[in-house]
Protein chains: 2
Amino acid sequence: MILSTKGRYGLKAVFELSLNYGEGPVSLKKISEKYDISENYLEQLFSKLKKNGYIETVRGAQGGYLLAKEPKEITVGMILRTLEGEITTSECLNREVCVRESICATRGIFEKIENSISNVIDNITLADMYEEHKNIIAEEKIKNEQKNLS
Amino acid sequence: MILSTKGRYGLKAVFELSLNYGEGPVSLKKISEKYDISENYLEQLFSKLKKNGYIETVRGAQGGYLLAKEPKEITVGMILRTLEGEITTSECLNREVCVRESICATRGIFEKIENSISNVIDNITLADMYEEHKNIIAEEKIKNEQKNLS
DNA sequence: TTAATGTTGACAAAATTAGTAGGGTATAAT
DNA sequence: ATTATACCCTACTAATTTTGTCAACATTAA
């Protein structure tokens, strides 16, 4: 498990916000119950996301959290980097640390891994996730109908 | 930093073995001094790698560790998986945990990330690392020569 | 006003990481 | 044979990170 609960919980919760995009704020309580995540813990995650400008809050009764931008403008990478910190595989990017030649050989690998991860997470938006989600639901529906026919 | 020292140290140390492939065993002491890694700690990492059949040992004076296979037959993925455990981004592969639809939406993303990482680390061998290493050295040599000319 | 909600900061249990310590065993060199 | 060098193995531990909990407070809708 290379992602901690921060990234996993946070991504799920933000996806939930995107499901409710345009329909007013969603309360923490609702999200934490739906996904069975500690309310206070989620709060800390959302606090960071708010500071970085990805979500907004509405205080008071009927308040809650909502996306600050359209789902298509928020990438998975933005969320994960905010919550998990930089997705680096090595401290060895700094040339000065890396004096001895044989160490540099491994740095190339670490860079490749990093780039391939960035490539994925920076090119998936919340809107993409929603599309994928719809497809999964549609597939399941078909399966269930086939089951009922037989 | 998504890789712990286990993976980072281990990969560096195994690369060192590949540099010495065909030239007899390399002692832990030598490696731990070269990379400034705790000898006892490295020992634990190598112990796992030995159990999984990637390296062999020669006991006694002048003994040490050596690759059990050719560098081209050992992938970065083998080493990292041995030392870091499975490279999974989510516990959610298990369908039963994943009853609620909205959770499944994030699973797709986690699967993509996982696959892209696997794709990288399973397709780079120690021999590839050595090639890359040679290129870096060659480039640096050219740079130095240019510096001396000016 | 009151109940619902977000805000903040301090605290803490649990797990993981990153080693240490130390007693073994095997073997090459002398 | 002895000794130095090296791997082998088990336990322990300090530090850090993760994963929360708790409590007091601020804001706002009804």
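As the structure is a computational prediction, the values presented were derived from the model and not from experiment. Residue numbering restarts at 1 for every chain, and letters A, B, ... go by the order of the sequence lines.
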Heavy-atom check, side chain of A:Ile117 versus side chain of A:Ile113, under 4.5 Å
yes
For B:Glu43, check salt bridge (Lys or Arg N to Asp or Glu O under 4.0 Å) against everything at least two apart and list the hits.
none
Ignoring hydrogens and angles, tell me if any N or O in the side chain of B:Asn148 forms a donor-acceptor pair with the backbone of B:Glu145 under 3.5 Å.
no
End-to-end axis angle, where each axis spans five pairs of the helix from C:dT1-D:dA30 to C:dT30-D:dA1, to 10°
10°
Table please: side-chain donor-acceptor pairs of residues 53-82 of chain B below 3.5 Å, with sequence neighbours left out.
| residue | atom | partner | partner atom | Å |
| --- | --- | --- | --- | --- |
| B:Thr57 | OG1 | B:Lys50 | NZ | 2.9 |
| B:Thr75 | OG1 | B:Gly77 | N | 3.4 |
| B:Thr75 | OG1 | B:Met78 | N | 3.1 |
| B:Arg81 | NH2 | B:Asp122 | OD1 | 2.6 |
| B:Arg81 | NH2 | B:Asp122 | OD2 | 2.5 |
| B:Thr82 | OG1 | B:Asn52 | ND2 | 3.2 |
| B:Thr82 | OG1 | B:Met78 | O | 2.7 |

Remaining members of hydrophobic cluster (4.5 Å side-chain criterion), A:Ile142
none
Side-chain heavy atoms of B:Tyr35 within contact of B:Leu42, under 4.5 Å
no
Protein-nucleotide distance (A:Arg8, atom CZ; D:dT19, atom C1'), rounded to Å:
11 Å
Which two nucleotides bound the region of DNA chain C that has atoms under 4.0 Å from heavy atoms of chain A, read 5' to 3'?
C:dA4 to C:dT8
Is the phosphate of D:dT19, meaning OP1 or OP2, less than 4.0 Å from a side-chain N or O of A:Thr5?
yes
Exam field: side chain A:Glu39 to backbone A:Ser32, donor-acceptor pair closer than 3.5 Å
no
Please give, in whole Å, the distance from D:dG20 C1' to A:Leu45 CG?
10 Å
Heavy-atom protein contacts under 4.0 Å, nucleotides 2-17 of chain D, coded B base, S sugar-phosphate only, - none:
---BSBBB-B------
Donor-acceptor under 3.5 Å (A:Ser18 side chain, A:Phe15 main chain)
yes
Checking the side chain of A:Glu84 only, and the main-chain atoms of A:Gly7 only, is there a donor and an acceptor separated by less than 3.5 Å?
yes
Looking at D:dT19, I'd like to know if its phosphate oxygens (OP1 or OP2) sit under 4.0 Å from a side-chain N or O belonging to A:Tyr9.
no
Please confirm whether the backbone N or O of B:Thr125 pairs with a side-chain atom of B:Asp128, one donor and one acceptor, at under 3.5 Å?
yes
